[in-house]
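First listed ligand is number 1; within each ligand, the first listed atom is number 1. Quick caveat: nothing in here was measured; it's all calculated off a predicted structure.
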Amino acid sequence: MIKIVVAGFKGKMGMTATKMVRDHEGFELVGVLDPHAKETNLNELAEFSTVDVPIFNDKETVVKTVKTDVWIDFTIPSVAYENTRFALEQGIRPVVGTTGFSETEVNELVNLSQKQALGGLIAPNFAIGAVLMMQFSAKAAKYFPDVEIIEMHHDNKLDAPSGTAIKTAEMIYAERGEHQQGHPDEKESIPGARGADYHGMKIHSVRLPGLVAHQQVQFGSTGEGLTIRHDSYDRASFMTGVALGCEKVMDLKELVYGLENLL
Ligand SMILES: NC(=O)C1=CN([C@@H]2O[C@H](COP(=O)(O)OP(=O)(O)OC[C@H]3O[C@@H](n4cnc5c(N)ncnc54)[C@H](OP(=O)(O)O)[C@@H]3O)[C@@H](O)[C@H]2O)C=CC1
Ligand SMILES: O=C(O)C1=N[C@H](C(=O)O)C[C@H](O)C1
């Protein structure tokens, strides 16, 4: 059995992941973490009335109380780096969905995992369709270097652009390199009109109620266009990837960035 803790269990993704771990063969939910939870056991919550699992308010108490193989993290950008670092230092394999990591932070965590010879995963998007969308986009960019990314999310999202949009831009950049797009003399009449800029690639972030997680990668060329789009209509779409991550990190000896490394 793989012993798993879920950090951020009261959030939208943390709750979905907690239920997945509870129901998944081969996984044992050994604890959940939320700094503001008043309950001390999951069985105090109606939907978990038969689940005897401790609720922790801080990460130090988790490691003092339960033996853990995997740390699932769906928290907030400002705490996820420290949580991931802490997990690795404690010999726990992180499976992190929280977005907002800088490139430097990811590199530091990879280095730490290598020193600890411990597997781990930071995946900006756990949906298999989203991974394919990123891979197809990188492939298309070789032939269609002019591209803009439009990511669309619910209006409770803290970070912009999304982790998926950044990862997509990184994968496209690795394929196409630096490229000047649009008119060289273009001017923004309202600042931000052309979106964020990643090595010449524009990224536009839409936040609206009703949306879950959607991204369109739009390519333009002479007389033709190509649009690659992925939609997550439900947070269940991420769970196959989270489960796969929890299984695969057990055999890895370092942390990897992106679910595509495990497929
Ligand atoms: N990789 C992927 O496939 C996906 C990634 N995400 C990412 O996952 C993250 C969470 O998203 P979502 O569930 O929608 O957000 P929510 O706001 O619903 O959940 C975040 C939760 O984290 C809790 N939290 C805050 N601080 C801590 C802490 N120190 N320790 C433990 N928990 C803490 C919050 O608790 P409180 O409210 O009490 O402060 C809240 O319940 C985001 O970064 C999002 O971008 C989302 C979907 C898919
Ligand atoms: O906040 C979200 O909801 C999501 N966040 C991730 C991101 O920033 O890319 C993954 C997915 O898009 C949902």
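The nearest pair of heavy atoms linking Glu188 to Gly195 is OE2-N, 4.2 Å.
The pair Asp69-Lys67 meets the salt-bridge criterion, with a side-chain N (NZ, NE, NH1 or NH2) lying under 4.0 Å from an Asp/Glu carboxylate O. Salt bridge Glu260/Lys167: present, at least one basic N to carboxylate O contact under 4.0 Å. Between Arg85 and Glu105, none of the side-chain N atoms (NZ, or NE/NH1/NH2) sits under 4.0 Å from a carboxylate O, so this pair counts as no salt bridge. Electrostatic pairing of Lys187 and Asp185 does not count as a salt bridge here, judged by no charged N lying under 4.0 Å from a carboxylate O. Between Asp231 and Arg229, at least one side-chain N (NZ, or NE/NH1/NH2) sits under 4.0 Å from a carboxylate O, which counts as a salt bridge. Residues Arg22 and Glu47 are not paired through a salt bridge, judged by the lack of any N-O separation under 4.0 Å between the basic side chain and the carboxylate. Ionic pairing of Glu186 and Arg194 is present here: one or more N-O contacts between side-chain nitrogen and carboxylate oxygen are shorter than 4.0 angstrom.
Distances shorter than 4.0 angstrom occur between a heavy atom of Ala123 and an atom of ligand 1. Note on ligand 2: Gln215 sits outside its first shell, no heavy atom being nearer than 4.0 Å. Contact analysis puts Lys157 in contact with ligand 1, with a non-hydrogen atom separation below 4.0 angstrom. Note on ligand 1: Gly163 sits outside its first shell, no heavy atom being nearer than 4.0 Å.
Considering Thr98, Thr164, Thr75 only, the shortest heavy-atom separation from atom 22 (O) of ligand 1 involves Thr75.
Defined by atom type and a distance below 3.5 Å, a donor-acceptor pair is missing between the side-chain atoms of Gln218 and Glu148.
Note that Lys3 lies outside the cation-pi zone of Phe27, set by a 6.0 Å cut-off to the ring centre and a 45° limit from the axis.
Within ligand 2, counting atoms from 1 as listed, the ones closer than 4.0 Å to a heavy atom of Thr164 are 7 (C), 9 (O), 10 (C), 12 (O). Close approach of ligand 2 to Gly163 (heavy-atom distance below 4.0 Å) involves ligand atoms 7 (C), 8 (O), 9 (O). For ligand 2 and Asn125, the ligand atoms under 4.0 Å from any heavy atom of the residue are 10 (C), 11 (C), 12 (O). Atoms of ligand 2 found under 4.0 Å from any heavy atom of Thr99, numbered from 1 in the order shown, are 6 (C), 7 (C), 8 (O).
Here the heavy atom of the protein found nearest to atom 3 (O) of ligand 2 is His154 NE2, 2.8 Å. Annotation: atom 5 (N) of ligand 2 to nearest protein heavy atom, Lys157 NZ, 3.2 Å. Looking at atom 11 (C) of ligand 2, its nearest protein heavy atom turns out to be His153 NE2, 3.6 Å.
At a heavy-atom distance under 4.0 Å, only backbone atoms of Pro124 (N, CA, C or O) approach ligand 2.
Considering backbone and side-chain N/O of Ala127, none are found under 3.5 Å from N/O of ligand 1. Of the N or O atoms in Arg235, none lie within a sub-3.5 Å distance of an N or O in ligand 2. Of the N or O atoms in Val79, none lie within a sub-3.5 Å distance of an N or O in ligand 1. Residue Gly11 has at least one N or O atom closer than 3.5 Å to an N or O atom of ligand 1.
At a distance under 4.0 Å, a protein heavy atom can be found next to atom 45 (O) of ligand 1.
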